[in-house]
Trainee: 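Structure below; questions to follow.
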Amino acid sequence: MSDSNKVRATDAGDGIRLITLDNPPVNALGYALCAELVPLVEAAAKDATVNTVVFTGANGMFSGGADVNDFSTPPTAETKTVRDVIEAMERSNKTFVAAIDGNALGGGFELALACDYRVATSKSRVGLPEIKLGLLPGAGGTQRLPRLIGANDALQMMLKGEMVKAPDALAKKILDEVVESDAVAAAEKYAGKPKRRISAMKTELGVANLGLFATPFVVAQAHMMVPLEENGGFAAHKLIDAVQAAIELPFARGWAREMRLFMELVVSPQSAALRHVFFAERELSKVPGLPKTEPLEIKKAAVIGAGTMGTGIAIVFAEAGIPVTVIETKDEAVEKSREMIFGMFKYQVDKGRLSQEDAWKRANSISFETDFSELGDVDIVVEAVFESMPVKKEVFAKLDAATKPEAILASNTSTLDIDEIAAATKRPGKVLGLHFFAPANIMKLLEIVRGKETSPQTLTTGIALGKKLRKVAVVSGNAFGFIGNRMLFEYEAQAVQLAEEGVSPARIDKVMKAKFGFAMGPFAVADLSGLDVYNFISQSQHGTPLGRIPIIAKLVEQGRLGQKSGAGFFKYDKAVGKGREAIPDPEVEQLIAQLAKEAGIPQNPNVTDEEIIARCTRALADSGAELVRTGVALRPGDIDIVWIYGYGFPPHHGGPMHYAKEVALRQAQGDNTPKTSHTTETKELTHA
Ligand code: 3H9
């Protein structure tokens, strides 16, 4: 029939034409592949010997959707996309069946939705994750899915970018059949069945007893559930507009509306930022110059210390199916740790995420011991004891003696020198940093710190382990604060400098959170981390304070250690937001003003919100640039990922390095307005 590198059409007998997408790694439906697909669909339409076309995918995948790389190139009149393939299918008289084995996502799933029947193997998943790229499904997904499963369910699925497992998709009637293997054979059984185009159906709202009010209700409710437009909800609102069109308009008009909204999103800075994040995340495991070696198999792990951090790390191993021994000498700490572990697994059962049996098995795969002599058979140890070099060195010397020679020894330090810790052992090549972020079982970020002696196999094992633990793992060089905390100090220092110039901490936090989109403002972050920790670290760094005045040292002197002591830069009251809500404190503002006056710092009361954002984000980008220049960070994209996953940087700004580049570009083009949001509310429904 037709043979190209990317797609094959073969006759399978009985009037069936099998079209196989074969465009590794994910059978992306790029412009080039679609240019080949359109004539294949048209040829089948004209061929009287064909009554059914079955689509399938090679490489263990149906299709990962449109090729995201294509979106940076504007389409021309000749460009063919999935929309053209689907339009050719709509014009055709043949029956179309999707045989899904693996993922059918985005445009790939939209192709399947344009088929008359859909069959999948049980391990497959289907979904429209475009929202995570700041887009909406642009090949009919917003029009067909609401017609198939109702507007309410379709909105939920698309706004979350949810990937639905085949058995669940069958229950929702997205699929017609689920088989254990050989989706193509199952799909072929639908040959010759009547056409059943979703485009000919009417959208059900999925809201009972609301009569005429149902459309405005469904749509208004959805608009209320997502972040406001400029605070990450840009794509979500357009997606809802497209679904509104599916409810109110004939298919052809809704299809046209979807296209217009999609094109608006493709060229938006928010989508460019999220596409950057998508690719940056996929670059992480590529370490230039790292020789290819097999990672060590991690069958058993150990954690030293059963504090909050150690317990969280133990849970992460247990969740990944790796049994873990926790070494802790204090009974009280063990008790607390056990409580936390069982509480967390019970929560998973209550939420329906785990069966009782699985939860019990996982919780019991964490054992507690008091003595290092129990560690003879572990493959990796993660130390999570007090952040002090002498303590860590003592622990590592003991670990070196207690574990088998091939075991990897990792430290969860957030600032200390990995090389100095490694020097306490006779196996520095087997030592690295694994810096988890608190709470370790929730936060996705893991910094993998490569010491000067860390061997290629140890680093490769760290990266493979990060994947197994389902973390977003970023490799960092061994430097003070690694990537994230090093930049955090510069960012906090800039926030303190603004406060010294007369801007209140409450205003700075409000601007960085509500207006720029950070999860928390810089002063609330400092209060959460503990001002004593900042003080300790700045003293250990040659006594340099954050900012120009010793405000943190003064607050610590007054016993204001942050949230944990009920006061820091802000006040906290157990009766307000469970003691976690920051309450502005005029006393702190006065203290800052007094120290600034004594230090002769000029005041800048008219500073604009835009300047606050510009100064704080510039401090981040400058310090990030220094980390790339000195080789601590491998790429600017790695820094962006650290800040998005570890420090609540708004993903729709793409991370501090991407944002700085965008601002510089706009300034070069003569637009000086920093790209910020003007909103105060954020609700968790979409990822974007
Ligand atoms: C869309 O469809 C728009 C339509 O609605 C409208 C059109 C008109 N494009 O993640 P992995 C690459 S928008 C280009 O490590 P996994 C990825 O960069 C699209 N490249 O594998 C990597 O490359 P490299 C909607 C893609 O097994 C390699 O494939 N679809 C694409 O862990 C392996 O990726 C989505 O949003 C792509 N679409 O996970 C799905 N997808 O090796 C996005 C992947 O050079 N993709 N690559 O670093 C995913 O969620 C995951 O990649 C997937 C596989 C689950 C498919």
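Predicted model, so just to flag it, every value in this text is computed and none were measured. Whatever order the structure lists ligands and atoms in, that order sets their numbers, starting from 1.
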Trainee: Based purely on interatomic distance, does Gly65 place a nitrogen or oxygen under 3.5 Å from a nitrogen or oxygen of ligand 1?
Mentor: no
Trainee: Are any of the N/O atoms in Val68 less than 3.5 Å from those in ligand 1?
Mentor: yes
Trainee: Which of the listed options, Val26, Leu274, Val266, holds the heavy atom that is closest to atom 47 (N) of ligand 1?
Mentor: Val26
Trainee: Does the Thr458 side chain pair with the main chain of Thr454, one donor and one acceptor, at a distance under 3.5 Å?
Mentor: no
Trainee: Asn103 versus ligand 1: do any nitrogen or oxygen atoms come within less than 3.5 Å of each other?
Mentor: no
Trainee: Does the N or O separation between Arg125 and ligand 1 drop below 3.5 Å for any pair?
Mentor: no
Trainee: Step by step, would you call Gln270 with Glu230 a side chain to side chain donor-acceptor pair (under 3.5 Å)?
Mentor: CA-CA 9 Å; Gln270 291 89 339; Glu230 290 172 351; over 6 Å; no
Trainee: Side-chain contact test, heavy atoms from C-beta onward, threshold under 4.5 Å: evaluate it for Phe71 versus Leu265 and give yes or no.
Mentor: no
Trainee: Mind telling me whether Phe317 and Phe436 have parallel, tilted or perpendicular rings, with 30° and 60° as the class edges?
Mentor: tilted
Trainee: Has the side chain of Glu281 got a donor or acceptor atom that lies under 3.5 Å from a matching backbone atom of Val472?
Mentor: no
Trainee: With distance as the sole test, does Ser63 use its side chain to make a donor-acceptor pair with the main-chain N or O of Asn27 at under 3.5 Å?
Mentor: yes
Trainee: Is it the case that ligand 1 has an N or O less than 3.5 angstrom from some N or O of Thr81?
Mentor: no
Trainee: Determine, counting only non-hydrogen atoms of the protein, whether one lies under 4.0 angstrom from atom 41 (N) of ligand 1.
Mentor: yes
Trainee: Using the side chain to side chain contact (heavy atoms under 4.5 Å, CB included) criterion, which residues pair with Val449? Sequence neighbours excluded.
Mentor: Ile418, Asn478, Phe482
Trainee: Take every heavy atom of Gly141, measure it against each atom of ligand 1, and state whether any distance is under 4.0 Å.
Mentor: no
Trainee: Determine, stepwise, if the pair Glu177 / Tyr117 fulfils side chain to side chain donor-acceptor pair (under 3.5 Å).
Mentor: CA-CA 9 Å; Glu177 192 181 338; Tyr117 301 94; over 6 Å; no
Trainee: Quick one: does NZ or CZ of Arg282 land under 6.0 Å from the six-membered ring centre of Phe278, within 45 degrees of the ring axis?
Mentor: yes
Trainee: Number the atoms of ligand 1 from 1 as they appear, then name those within less than 4.0 Å of a heavy atom of Gly106, with their elements.
Mentor: 2 (O), 25 (C)
Trainee: Within the structure, is a non-hydrogen atom of Glu281 found at a distance of less than 4.0 Å from ligand 1?
Mentor: no
Trainee: Can an N or O of Phe278 be found at a distance shorter than 3.5 Å from an N or O of ligand 1?
Mentor: no
Trainee: Can a donor-acceptor pair be found, under 3.5 Å and without considering hydrogens, that links the side chain of Asp116 to the backbone of Phe96?
Mentor: yes
Trainee: Which of the numbered atoms in ligand 1 are below 4.0 angstrom from a heavy atom of Pro137?
Mentor: 5 (O)
Trainee: Do any nitrogen or oxygen atoms of Arg282 lie less than 3.5 angstrom from nitrogen or oxygen atoms of ligand 1?
Mentor: yes
Trainee: Indicate yes or no: does an N/O atom of Phe71 lie under 3.5 Å from an N/O atom of ligand 1?
Mentor: no
Trainee: Using distance alone, determine whether Val82 and ligand 1 share an N or O pair under 3.5 Å.
Mentor: no
Trainee: Please check if a non-hydrogen protein atom sits closer than 4.0 Å to atom 36 (O) of ligand 1.
Mentor: yes
